[in-house]
Structure formats: structure tokens, C-alpha cells
Amino acid sequence: MPYYGSEDTVKELRRALANPGLQADKLRYRNLVLRVIRYMTQGLDVSALFMEMLKASATVDIVQKKLVYLYMCTYASLKPDLALLAINTLQKDSTDPNPMVRGLALRSMCSLRMKDLDHWGQSEVLTFLVRYKARSEDEVFTILNVLDGFLKSSQANVVMATTKLFLLLAEDFPNVQMDVLERIEGPLLTICTSECHELCFLGLCHVREILRSLPGHFSGHYKKFYCTYSEPNYIRYRKMEILRDLVNDENVQQILEELQTYCTDVSVELAKMAILNIGRIARTYNEKCVIILKGLLGLKQEHITSAVIQTFRDLVWLCPQCSVIVCEALPGCEEFIKDCEGKQALIWLLGVHGEHVPNAPYILEEFVDNVKMETSAVVKLDLLTAIVRLFVIRPAECQDILGRLLYYVIEEELDMVVRDRGLLYYRLLQQGVEEIKQIICGPRSDPSLGVILGGQANEAINVWAKDFNTLIPIYGSEHWNCIVAQKDSSFGNLLSEINSKTESNPEHSEELVVDSGSISLEGSIQLSPEQFEEFWTCLEDAQVVTVDWDKDPCPDAIQTSFQVAHIHPIAISRPGARPWKAYLFARNETGALFLTELLIDTSKKSLQIIVKQKNTSEELLCSFIDVIRSVLQTLGETENFEMASLVTQEQPSPH
């Protein structure tokens, strides 16, 4: 047990560790670090020196690194927030060219007890461990056994990070992967029923990823995916897709009844989605689904009728055994279809399966009579093909209709594509009926396509495991790659624009070297508020520092003090604002841009500093923080600084 003895000893050690003169003398500095370790082993609480000891790890001296890592592993449980910084340091050393340094970093990482960290710290460590490649089967199972308890965590981020780690470590053991996915069924369902819509949607997207490899995996809990009217449509869409994929012989009736309730929703798009999902289920359970779809036609609503007819078209192509019962429902539908998609579907059905619809020629005749008012060239093309196909089957009833349509298309139609199609059919008809049958009357269905569209072929878990616990399941890999490319391009263009403006103005070449260790800030730099906001949105890395602050801010004094240090304000709140904010920016001699937010909460007597920088370097960020610290110290407001956390997710853009 540590004893809490001399505070003077700790203060003396802090002053010595921060002394630049001692830092320059490597031997004396190492002896000072050794002295801290000696006090630690004797029971003196020296945890207050965590930040100073963390900086001491930035050395090529292996002995000094070992001492510092021993210190960090010892006090990680007392300083869980600062332990995140220790992890970042270990992660950096794990890529060092020196194998001794890499081995030391990995051993120290394994020595950290993750129960000493909060759930964000645990998630960060687990995310880092994903990069580790096990050297043997025994090592894989050793790691899995050590981390097994984290699958039972009450925190969603820890469960998701652990699951991804397990799936990647066990990539050569499909049975282990299956076992992991079964174990997270409960935690994932909890996420999917969260009151937080964003968290719920994230869980639903990951459920769909699992269903790619394990169709029906959540079938026993299908009611968890029922929609409620208080949910936003994007969640209801995703839930309906999952319900469609969970259908089996036991629950098909219940799921169809549930989907049927959404078919009359006030949201037109939601109703269409529900109808299309019923159509997907109909590929396996066609009789029950067709009865439901035929019943929806009785509602005589335009968007419902159109969606049902489009579903019928896809259904008879994949399930030809349904064609007769579908054709029985077609008469009368033309009165309630006004959109192009619905017209195309109905015309195709009448042209291909017109022998099962007694009044098919007369329904198509109405479209021919109104062809002059039709604005869609695609509908006209489909109408031409449908009339020609039906003429081959029922020539007596269609001869006059076809003649009138061809005359209009060839003599009066302005769209050259439609006119050329009419001429083609006219010349084919001159060659005889048998010739046109071979060309026009192709296959009516392709049942083999249903296997592909139905998603019955299970994908290997390894196909999507690397994307688990990322935003890719939400956006899709293709869309996500576009977003990343656009973000990188946007950042590069902005930085080039700023650099070109600075270089074109000789006054902007002045630099000021701030004695904070290893950073040199430029004297002048131009950055508009719009550019600042775009940078802030693009950058993903942030370092957060919490500072004691118990006085009202003085905007003029803060602005002047930071400008002296070549940190430029972009926006500052008026005096008395609650909370008070300021946004600043700076750039060093290598072109690295720093964006900063100051947030003063007088109720908590604290000042929060957020610093963002692309390709974050811990050493560079710490040096920049030292500049801010020295500026604030000149204001005489605070002395104690404490690192709060290091986050690697997007921060909100300033407004």
C-alpha cells in the first residue's frame, strides 16, 4: 500500500523532471527517473508525476524506457484517464525499428490491466490489439481466454470492440467465430432496442452484417425488430429488411402480418418498402404473400397499387408458378397507376402474360389512345414491345391497336429512339410472324436468379469481419470509400490554398520560435471562418486538456496573449456568455496546422482545451499544449493542468 508522505518530495521531483538543464544531461535525467522508481517501490505515492514520467519515455535509452513503463503500469489503476496517453505512447513504440523497443512496448501493453481503465479506455486498447498478429494457435487462444470477460461488458463499445478482435484473431477457426457471434446475440439485441436512435441504427446495421453469414441467426427474437411509430423512418427501413431476412416456417405468418401493417403507413416510401419486402418473402412463400398483395390492391391507392404491380412483375419473373394468380389481379389496376415505374410493370405483365388476362388488349389500347400525352420515352418503348408480343399471341384483337401505334410512332413521334424502335418492329413484321417470335418472344422467367437476389448463399465471416465496429456497415464500403477520398481531397485542397496565400505575401514569411521544447509557430497565417469549420469537420484526432479556471474570461486579454505566441483567434464569445468559447489556429514551420477550441464552464470552474491536427503526433501536440499552458500561465489564472482523454473520433464542427 502506498503511503502519502512528503508532498515536498513530490514537488521537488516534479520541478527536477521539468528542468530543461537536467533533461539535457541524459545520465542525470536517468538517475532522476530511477529515483522516482525507488520512491515508488518504497511505498511513496508518486502518481502525481504521471505526466512528467510519460514525457520521460520519449528517449532512445532502453533502460530509461523500462523504468518509465514500470511506473506507468504501476499507476495505470490510479490514473485511468492518463492511462490512455500511456497506451498511445506504447502504440507508438510498437512500430519502432528497434525490436527491443517493440518487444518492451508489447510486454508493457499486456501488463496493463484493462479493468483499471474506463470503458472508453478499454475500447481503445481492444482497437489497438486488432493490429497484433498472433504467432501460434496457442497464443490465439491465450489472448481469447484473457479477454473473454469483455464480451459480457455492459458497455456497447467494449462489446463491439471485443467482438471484432475475436473475429479477426479467430479467422482460421470458423467454429470459434460462430461461437462469438452467438454469445453477442444478447448484447447486440440490447443495442438494437436502445432509446438512442443513432445507437439503435448502428446495432441494426451490424445485425445485417451478421445475417450475411448466418441467415436467420436472430430468428428466435424476430419480434425485437418490430417497428414502432415513434421511430424515424431510417430505423424502420432497416428493421423491415431484417424481418424479411429472418422469415422461416415458424414465424412467416407473424412477420407477414407485421409487414402488412406498414403497407398503409402515412409515409409513402415506408409503405412501398413494406410491399417490396413482402415480395422478397414471396419468392419462398409465394401463396401467402400473393394473397396479401392482392388484398392491398383493394385499397385502390395510387402508390400502393404501383408498388404491388412492380412486386408482381419481379415475382412472376422469379416464380413463374405465380403467373396465373397474379394475372387474375391485374384487371382494373390501370385506373390507379400514374407513375412511370408502375406503368412499365403493368405493360410488361400484359405483354408477356397477356394470354392469362382476358382484357389485356383493351387495357393496352387505353395506353395507345393516350400515347400522345405520354411524356416518358421508356413507357412508349415498353408499350411498343408489349403490343408486338401480344400480337403474336392474340393477333385478331391486337392488329388494329398495333397498326395505330406503329403509325403514330413512325409518322408523328419526335423522340428518335422511339421512332427507330417502331421502324425496327415494322420491318420485322414484314419478315413474318415466325421471325418476330424468335426475336421478341424471349424467356418469361428466370427462377435461378432468385437464389442470388434472395441472399441464400452464405458469405464467410472473414469477408466483413474487418469492417465490424466501423461506419462501413452504415454507409456501405463503396460509399464510405468515397467519403474518405472526398475528405482527404478537401483537406489537401484547403491546406494548399492556405499555403499558397501565405507564400504569396512576403509579410507572412515571419516566424516566431516559441521555447516550449520543440515547436516553431509562424508569425502570420490566413484562415477564414469557413475554412476553419471545414478543417474542424475533416480532422478526426483531438487532444483534450482540462484546466482549473474560476474567473470570468477577459476576451481582450486572452486574444492579445495568444497573438503574442502566434496563435490566432478566429472567433471569441462576448464577455458574460455562458458557456464562453473561443476558437484559435496556428501553424508550425513544417506546415502542420493546429485548430483549438477553448471552452469555459464557470459552473464547473474549468477550462477545456481541444486541439486538432492531421496525422497527430503526440510529441508535437504536447509541445503545442505547452505553448497554450505558458500563455495561460502568463494570465495568472491557473497552474494545474490535467490531461483528460485522447479521443480518435470526429468532433462537432464549431458554430
Look at the rings of H206 and F468 and say which category their plane angle falls in: under 30° parallel, 30 to 60° tilted, over 60° perpendicular. perpendicular
With a 4.5 Å cut-off on side-chain heavy atoms, are F312 and V308 touching? yes
Decide yes or no on salt bridge (Lys or Arg N to Asp or Glu O under 4.0 Å) for D245 and R280, but give the supporting numbers first. CA-CA 9 Å; D245 294 335; R280 290 288 295 270; 5.3 Å; no
Any sub-3.5 Å donor-acceptor pair from T142's side-chain atoms to D138's backbone N or O? yes
Can you give each donor-acceptor pair under 3.5 Å made by side-chain atoms of residues 344-354, sequence neighbours left out, with the distance rounded to 0.1 Å?
| from | atom 1 | to | atom 2 | distance (Å) |
| --- | --- | --- | --- | --- |
| Q344 | NE2 | D382 | OD2 | 3.1 |

Is any side-chain heavy atom of I610 closer than 4.5 Å to a side-chain heavy atom of W536? yes
Going through the distances and angles, do K300 and E335 end up as a salt bridge (Lys or Arg N to Asp or Glu O under 4.0 Å)? CA-CA 9 Å; K300 299 181 179 180; E335 299 178 15; over 6 Å; no
How long is the gap from CD1 on I401 to CG on D369, to the nearest 0.5 Å? 8.0 Å
Verify, without hydrogens or angle tests, whether N277 (side chain) and R244 (backbone) share a donor-acceptor contact under 3.5 angstrom. no
What's the separation between atom CG in L246 and atom CG in L211, rounded to the nearest 0.5 Å? 5.5 Å
Considering all heavy atoms, the nearest V409-G422 contact: CG1-CA, 3.9 Å
Pair Q155, Q122 - check side chain to side chain contact (heavy atoms under 4.5 Å, CB included), show working. CA-CA 10 Å; Q155 299 295 333; Q122 294 171 11; over 6 Å; no
Rounded to the nearest 0.5 Å, how far does CG of L168 lie from CG of L129? 11.5 Å
Determine yes or no for a side-chain-to-main-chain donor-acceptor pair under 3.5 angstrom, with D179 supplying the side chain and N175 the backbone. no
Measure the shortest side-chain to side-chain distance between K294 and E328 over non-hydrogen atoms and say whether it is less than 4.5 angstrom. yes
Does C227 reach the side chain of M240, with side-chain heavy atoms less than 4.5 Å apart? yes
With the side chain counted from C-beta on, respond yes when L165 and L147 share a heavy-atom pair under 4.5 Å apart, and no when they do not. yes
Could you state the interatomic distance from CG (L384) to CZ (R421), rounded to the nearest 0.5 Å? 7.5 Å
Heavy atoms, side chains only, cut-off 4.5 Å: are T162 and V159 in contact? no
Counting only N and O atoms by type, is there a donor-acceptor contact under 3.5 Å from the side chain of T385 to the main-chain atoms of L381? yes
Is it true that a side-chain atom of K239 and a backbone atom of F225 form a donor plus acceptor pair closer than 3.5 Å? no
Just so I know, are the side chains of L167 and W464 near enough to count as touching, which here means a heavy-atom distance under 4.5 Å? yes
If I compare all heavy atoms of C192 with all of C200, which pair ends up nearest, and what's the gap? O-SG, 2.9 Å
Does R212 form a salt bridge (Lys or Arg N to Asp or Glu O under 4.0 Å) with E459? I'd like the steps, not just the answer. CA-CA 6 Å; R212 290 168 58 181; E459 291 186 4; 2.6 Å; yes
Under 6.0 Å from the OH atom of Y475, do we count more than 12 heavy atoms belonging to anything else shown? no
Quick one: does D339's side chain get under 4.5 Å of E302's, heavy atoms only? no
With rounding to the nearest 0.5 Å, note down the distance linking CZ in R313 to CG in L330. 12.5 Å
Counting only N and O atoms by type, is there a donor-acceptor contact under 3.5 Å from the side chain of Q301 to the main-chain atoms of H303? no
What I want to check is whether the side chains of N248 and N251 have a donor and an acceptor closer together than 3.5 Å. yes
Distance only, no hydrogens: is a donor on one side chain within 3.5 Å (strictly under) of an acceptor on the other, for T261 and E257? no
Sidechain-backbone polar pair: S213 side chain, E209 backbone, donor-acceptor under 3.5 Å: no
